[in-house]
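Have a look at the structure below before the remarks.
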Amino acid sequence: HDCIRDTVDGAPDCQLNLTCEELSALIGAAHVEAIAAVARALDLRGGGGRQRELAMVEAFVRKYTPATRPWHPFHQDRARITVNVALSDDSQHGGGRLLGLFAD
């Protein structure tokens with residue numbers, strides 16, 4: 001997969017886009033459901049009012065390395081709800097902590 005330039009900061013963007021079926025095949029349906037449960041909880045917390053089905057619009061894996069992509073700048077996504085999942089433990093590398101900011 002070739003790297004293109006990111007639309008947020010112009011840095012190399014090594015990303016693999018996945019369909020829901022491809023994501024399920026990679027990590028298993030139970031993990032996809034766990035991610036969806038987090039999204040539903042965030043929706044309720046953010047004023048969704050009631051539990052509802054949320055469609056997974058986009059799923060992707062993005063590679064970060066100290067040489068090509070040491071960070072991703074803080075930004076606001078277009079989506080109402082975004083769930084990020086770190087694929088490695090913080091102890092496996094220096095820096096690179098996954099952070100989230102919430103209004104409350």
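Index from 1, following the sequence.
Pro12 and Arg5 get closest at one heavy-atom pair: CD-NH1, 3.2 Å. Closest of all the heavy-atom pairs between Asn17 and Glu22 is O-OE1, 4.0 Å.
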Output side-chain donor-acceptor pairs under 3.5 Å for residues 24-33, partner residues at least two apart or in another chain, one line each.
residue	atom	partner	partner atom	Å
Ser24	OG	Cys20	O	3.2
His31	ND1	Ile27	O	2.9
Glu33	OE2	Arg40	NH2	2.4

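Not counting sequence neighbours, the partners of Asn84 by the side chain to side chain contact (heavy atoms under 4.5 Å, CB included) test are Thr82, Leu98.
Side chains of Arg62 and Asp6 form a contact here, defined as non-hydrogen atoms less than 4.5 Å apart.
Here the CD atom belonging to Gln15 is positioned 7.0 Å from the CD1 atom belonging to Ile4, to the nearest 0.5 angstrom.
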